[in-house]
Amino acid sequence: MVNFLSSAFSVFEAHSESSSPVACDKKSIRSRYAKWTTAVRKAVTGGSMRRFHERILGSSRTGISNSTSDIWLLGICYKISPDDSFVDFPTNGGLADFENDFSSRILMTYRKGFTAIEDLKYTSDVNWGCMLRSSQMLVAQALVFHRLGRSWRRSLQKPLDQDYIDILHLFGDSEASPFSIHNLLVAGKAYNLTAGSWVGPYAMCRSWETLVRCKRESSDFENQPLPMAVYVVSGDEDGERGGAPVVCVEDAFRHCSEFARGQANWTPILLLVPLVLGLETINPRYIPALRATFTFPQSLGIMGGRPGASTYLVGVQDDKAFYLDPHEVQPIIDIGRNSVEADTSSYHSSVVRHVALDSIDPSLAIGFYCRDKDDFDDFCLRGNKLAEESNGAPLFTVTQSLPKPVSHSNVLGDSSEVSDSFEALPSNNADDCSHEDEWQLL
């Protein structure tokens, strides 16, 4: 879009020069148009990119409405009193606590001026990196829960918390940072993840799975950049073609065991659930269940938003979702491991934006973080209840184990052994992505 506008401006400038009859008039017009095009280019490529996106894709609203309904933000309920002041920046009661919580969530936005990605010459992710940034926010939130706890709030006092700085360092914009977009693009090549191109939630989840596995294999168990197993819940082959994804307890156990390298039976686990909940628009049958996921204590929110413009949805109230917006262009910041005095304000936002739940893109991914086995068991109980109350439209289901595959020869009475159930589970190898269904790449 930026290139298109730049080209249009160039043509306009050339036309204005050729149509001026007098040399001095040409110079005057050229000067005026140069200032105008410079201002527009600055607006398009600078901090106004988000507003430009909103004009093209539909405006979103900021602030809190005059509703007194409860607000759910990543598993925490905020009771809104009729006496609260409903303004853009809450100042008292439940709204003040909500705003403090919201502004403490880590924000990842477009950045400019970073080292070129491989040999592709990209030094910014403007216009194509919003899904990558949304996914970074969700994973960063998992790390905040793991290392700092759900009750953590951002402090303005220096020095800053070392764990907080360590988390920001992981998502820096260079190959040196384990979870940079540079490394995500390399890990996601098998899923058509490329600089300059938009990618969908399913491919994004699989790219994270691959990246975390690569980092795990190159690090010892005690120094994992993401100290938790990653489980992409996408069901078996039949489920991915028509049914809800299946959270399999045995599969989760296997992921934890592999992550721990046999040193533990259970570890913290990050569950990513990519979904397609409709064609052009989200099917309204799914909205109540989607809203309910934010009430889970394990909730990490949702990677999703408007078509082609991903955001990070973190909370709900009534029929709207609150989100963090990656569509703001900011210069890179080098957050090193010792940057406890750094200015980290660009990683947070107090502007509360919201969008109607029924207007979000049907292709999305939900995240959950379970600290231990008890936490995972609680998640499974909540997941089962959610499926039971879904009126036949569950987001996902939960089972102890997946059924063993039955071959045609077994049906015909052949006595050959049925393969073990784990062999029927989806492979975690990136090389197998060629066998995935087409819709998963949306």
Considering all heavy atoms, the nearest [X]-[Y] contact:
| X | Y | result |
| --- | --- | --- |
| L185 | A195 | CD2-N, 3.6 Å |
| L74 | Q141 | CD1-CG, 3.9 Å |
| A321 | L357 | CB-CD2, 3.8 Å |
| I332 | G113 | CD1-O, 3.6 Å |
| L272 | C205 | CB-SG, 3.8 Å |
| R133 | P326 | CB-CB, 3.7 Å |

Determine whether a donor-acceptor pair (N or O, by modelled atom type, separation under 3.5 Å) exists between the side chain of [X] and the backbone of [Y].
| X | Y | value |
| --- | --- | --- |
| E175 | N183 | no |
| H255 | Y231 | no |
| T210 | R206 | yes |
| T311 | G304 | yes |
| S177 | D173 | no |
| H327 | N127 | no |
| S134 | C130 | yes |

Inset, instruction - Can you label the angle between the F296 ring and the F379 ring as parallel, tilted or perpendicular, going by 30° and 60°? - result: perpendicular
Legend entry - Ring geometry between F376 and W266 (parallel below 30°, tilted from 30 to 60°, perpendicular above 60°): tilted
Legend entry - side chain to side chain contact (heavy atoms under 4.5 Å, CB included) between F259 and R216, intermediate numbers included: CA-CA 8 Å; F259 171 76; R216 182 180 69 209; 3.6 Å; yes
Inset, instruction - Might you work through the side chain to side chain contact (heavy atoms under 4.5 Å, CB included) test for V247 and T397, ending with a clear yes or no? - result: CA-CA 6 Å; V247 176; T397 59; over 6 Å; no
Inset, instruction - Applying side chain to side chain contact (heavy atoms under 4.5 Å, CB included), run through F171 and L143 and close with a yes or a no. - result: CA-CA 11 Å; F171 297 88; L143 281 164; 3.8 Å; yes
Does a donor on one side chain sit under 3.5 Å from an acceptor on the other, for [X] and [Y]?
| X | Y | result |
| --- | --- | --- |
| S363 | D361 | no |
| S197 | T194 | yes |
| S350 | E99 | yes |
| Q298 | D375 | yes |
| T109 | Q330 | yes |
| N384 | E388 | no |

Less than 4.0 Å between a side-chain N and a carboxylate O, is that true for [Y] and [X]?
| X | Y | answer |
| --- | --- | --- |
| R291 | D319 | no |
| E250 | R254 | no |
| D125 | R111 | no |
| R337 | D163 | no |
| K320 | D358 | no |

Inset, instruction - Give a yes or no on whether the ring-centroid distance for Y164 and W152 is below 6.0 angstrom. - result: yes
Inset, instruction - Kindly state whether the ring of Y312 and the ring of Y323 have centres lying under 6.0 angstrom apart. - result: no
Report yes if the side chains of [X] and [Y] come closer than 4.5 Å at any heavy-atom pair, otherwise no.
| X | Y | result |
| --- | --- | --- |
| S234 | P245 | no |
| S104 | N100 | yes |
| L132 | V199 | yes |
| R382 | K385 | no |
| E389 | P394 | no |
| I302 | L290 | yes |
| F322 | L313 | no |
| Y78 | D70 | no |

Inset, instruction - List the steps, then state whether side chain to side chain contact (heavy atoms under 4.5 Å, CB included) holds for T399 with V249. - result: CA-CA 6 Å; T399 185; V249 176; over 6 Å; no
Just verifying a value: how many Å separate [X] [atom1] and [Y] [atom2], rounded to the nearest 0.5 Å?
| X | Y | atom1 | atom2 | result |
| --- | --- | --- | --- | --- |
| W208 | L270 | CH2 | CG | 9.0 Å |
| L95 | I71 | CG | CD1 | 6.0 Å |
| Y347 | M137 | OH | CE | 12.0 Å |
| Y286 | N391 | OH | CG | 12.0 Å |
| L107 | H348 | CG | NE2 | 8.5 Å |
| E258 | R213 | CD | CZ | 8.5 Å |

Does [X], at its [atom1] atom, have more than 12 non-hydrogen atoms belonging to other residues, nucleotides or ligands within less than 6.0 Å?
| X | atom1 | answer |
| --- | --- | --- |
| E280 | CD | no |
| Q162 | CD | yes |
| D334 | CG | no |

Inset, instruction - Kindly confirm or rule out a cation-pi arrangement of R105 over F145, judged by NZ or CZ under 6.0 Å from the six-membered ring centre and within 45° of its axis? - result: no
Legend entry - Result of checking L271, I269, V212, V139 against V230 for side-chain contact (heavy atoms from CB on, under 4.5 Å): V212
Inset, instruction - Please test R154 against D161 for salt bridge (charged side-chain N to carboxylate O under 4.0 Å, His left out), starting from the C-alpha separation and ending with a verdict. - result: CA-CA 9 Å; R154 176 193 177 203; D161 188 285; over 6 Å; no
